[in-house]
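Just so you know, these numbers come straight off a predicted model, no measurement behind them. Chain identifiers are assigned alphabetically (A, B, ...) following the order of the sequence lines, protein sequences preceding nucleic acid strands; residue numbering begins at 1 within each chain.
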Amino acid sequence: MPKATLPDGKDIQYKSGDSAAVIASFVGPRLAESAVAAEINGNLTDISAAPEGDVSLKFITGDTPQGLEVLRHSASHVLAAAVLRLYPSAKLGVGPAVEDGFYYDFKLPKNLNEDDLKPIEEEMAKIIQRDEPFERVVMPRGRAIEEMKKLGQDFKVEILEEIEDDEVSLYKTGDFMDLCRGPHVPRAGMLKAVKLTKVAGAYWRGDAERENLQRIYGTAFPTQKELDEHLKSLEEAKKRDHRLLGRQLDLFSFHEEAPGFAFWHPNGVALVTEIERFWREVHRQRGYKEVRTPAMLNEELWHRSGHYENYREYMYFTTSEGMKLALKPMNCPGTLLIYNSTKHSYRELPLRYAELGQVHRFEMSGVMHGLLRVREFTIDDAHIFCTLEQVTDEVKGVVDLIIFLLEKFGLTDYIVELSTRPTKSIGTDEMWESAEGSLYRALDEMKLDYKVSEGEGAFYGPKIDFHIRDCLKRTQQCGTVQVDFAMPERFEMTYIGPDNAEHRPVMIHRAALGSVERFVGFLIEHYAGLFPTWLAPVQAIVLPIVNRHHEYAGEVGRELEAAGVRYEVDTRSEKIGHKIRDATLRKIPYMLVVGDRECKDRTVAVRECGGTDRGSVSLDSFVREIGEEISSRLIKRR
RNA sequence: GCUGGUGUAGCUCAGUGGCAGAGCGCGUCCUUGGUAAGGACGAGGUCAUGGGUUCGACCCCCAUCACCAGCUCCA
């Protein structure tokens, strides 16, 4: 008898022809009930698949990432089946499982709104209640094309025509049949907790030139409890939203008079200033020189740089006294003019010019998102000019700097991505090959995990990007490193080598935080507004209990001032509980309550935002402590 | 830019084809109270903007703008 070896090393004897489901029932009824799929010799398959001979066998349950994906993918099929029943003329796009759920794209005779989801959900519930089986059908590709043509499923035909295999698999759920690789749950009844969440538009194949389909999003979990928890955590995440906290903490605002442009309030400026001060310190230490270039430059420059050709749609233009000007969408051309204003020796290289450069980009109206996507932002930019031999080390230096900065700000959950040459680009094949090679080399030598995105590079060079997740788990780009051979060519940049001849430098564009605005957005969401003390707009607030303590409170304030602490004194005629509540809502790290005892002993009663009442501490030692916390830029766990 | 949704006081939100509402915040006064909301009174609105339907529109219709979710794009 053949045997199946389970992950724990146990062997199960089975009869040839037994499906994985049957074998699961040998192991135990609970497993047989909860396994949504199987892995036979490492290949993910349906639980109904029958192994052959001695195999390794692993059962996939809904509570594993793989199992959850199967569950959700199956839920998307049930969604499609339900939609087809309600809208028989629906044409089906694709319906994969995604990070927090699944979606399915449809072309429908009417545009759906949120209210249309309920009847669809009810139809899905019926299918689940009937426990309709998922049946796998394998057929020659040609026949599948015929079937789909008969059903009028043009999108499926398009996909099938691009598949290279001779045989394809389809899954039948009730009277619904969909092209699909699988695997799926054996029966719809295994979907215990499914919910449709939203409708949205989506382009067929993500191409804005093609049909606009309607996408229905949903999510599924093994149990209702987990679904409820997920929905609750989404609600919690909304409370971290930087747009909400930006208003609550009085950091910034947006106005109809300038859509996509942030207005920074005093609290926000305090935060930004602190970030920039630290940034300058680190860059100085790492051999960067700071430069500053104009916001508006002659349009001719942008023709020379290639921006007009490749980036025009994101640029703002204006005319003054007949001179055509453009607001800079990037800082590089300005820096190039600085480089070219003098002759350079190889001895100067690598030359690192940093710039906190304010750029303007015309973003399409639908894409703006708080501070994370704006039309004017400050790139924490730098351009490094170096020799070909220096490129890899410089890239490594930049990657190291980015990681260093992110960690100092407490952001350790990032994704690294390498992007290669896009279709719209300048420069020769050799340049691109060499540039991409040095990026791969740098990441490999630093032993970093990264993913590769083909064709996603900048028009002038390939890049390494760092991505961070926002509160709703959407990833946003922050740091970036881009190797550029083209711009030095276009601007005829040179340096004099040891051979006394002119050579072409290589240019590295890089941003560590990405944009100061976006970065502030990340920080707000990461800390839910309760910043590390060194970043907090107001670091301590003195709370006198009654009027007679105001004088001492003022003295505490003067001590804090002398130590460089950003502080306030709350002299309102409110009860102490009220003052504490207000300071807590403003997420001020330290509350210093002063009453009779404190006045007498020259102490402060320290309460940290987050709840802990530390009792009385001598004023001197508190001032020393907070001063050290700030100057060391300590990140406390709260 | 595309699909769907939302725009009422500084904020969060009720509401009706016939005089515009609440809570919080804000102002004044009272209160001086030891760790998450003390009390009284008061001010605040072209109901996003522009057209239309109607005796009459914040409400119904159309357009525009902004915002929200997603698509595309991106620091």
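Counted by atom type alone, Glu235(A) and Ser233(A) present zero donor-acceptor pairs between their side chains at under 3.5 Å. Residues Glu436(A) and Thr420(A) bring no donor and acceptor atom of their side chains to less than 3.5 Å of each other.
Residue Lys463(A) is in sugar-phosphate contact alone, with no base atom involved, counting any heavy-atom pair closer than 4.0 Å across all strands shown. Residue-level contact check: Leu513(A) touches neither bases nor backbone, having no heavy atom under 4.0 Å from any strand. Heavy atoms of Asn547(A) sit under 4.0 angstrom from at least one base atom. Using a 4.0 Å heavy-atom criterion, one finds that Val374(A) contacts the bases of the nucleic acid, with or without backbone contacts as well.
Nearer the 5' end of RNA chain B, as judged by each residue's closest nucleotide, is the contact made by Ser616(A), out of Ser616(A) and Gln476(A). Both Thr480(A) and Val594(A) lie near RNA chain B, and the one whose nearest nucleotide falls closer to the 5' end is Val594(A).
When the salt bridge (charged side-chain N to carboxylate O under 4.0 Å, His left out) test is applied to Asp250(A), no partner is found at least two apart in sequence or on another chain. Scored by the side-chain hydrogen bond (donor to acceptor under 3.5 Å, both in side chains) test, Arg614(A) finds Glu608(A), Glu625(A) as partners (sequence neighbours excluded). With sequence neighbours excluded, the residues forming a side-chain hydrogen bond (donor to acceptor under 3.5 Å, both in side chains) with Arg286(A) are Asp400(A), listed by chain and number.
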Report task. Heavy atoms under 4.0 Å is the rule here; annotate nucleotides 35-46 of chain B 5' to 3' with B where the base is hit, S where only the sugar-phosphate is, and - elsewhere. Result -> BBBB--------
Report task. Let me have a per-nucleotide readout for nucleotides 64-73 of chain B, 5' to 3', with B, S or -, counting only protein heavy atoms under 4.0 Å. Result -> -SSSSSBBBB
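Here the separation of A43(B) from G27(B), taken at their P atoms, is 16 Å to the nearest Å. For A9(B) and G5(B), the C1' atoms lie 24 Å apart once the distance is rounded to whole Å. Remark: the separation of the C1' atoms in C29(B) and G18(B) is 39 Å, to the nearest Å.
Rounded to an integer number of Å, the gap from Lys424(A) NZ to C74(B) P is 11 Å. Put simply, CZ on Phe362(A) is 6 Å from P on G1(B), counting in whole angstrom units.
Under the 30°/60° scheme for interplanar angles, the aromatic rings of His77(A) and Tyr104(A) are found to stand perpendicular.
Heavy atoms from other residues, nucleotides or ligands lying under 6.0 Å from CD of Glu158(A) number more than 12.
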Report task. Represent RNA chain B in dot-bracket notation, 5' to 3'. Only Watson-Crick or G-U wobble pairs with both distances under 3.5 Å count; pseudoknot-style crossings use [ ] and interstrand partners use |. Result -> (((((((..((((....[..)))).(((((.......))))).....(((((..]....))))))))))))....
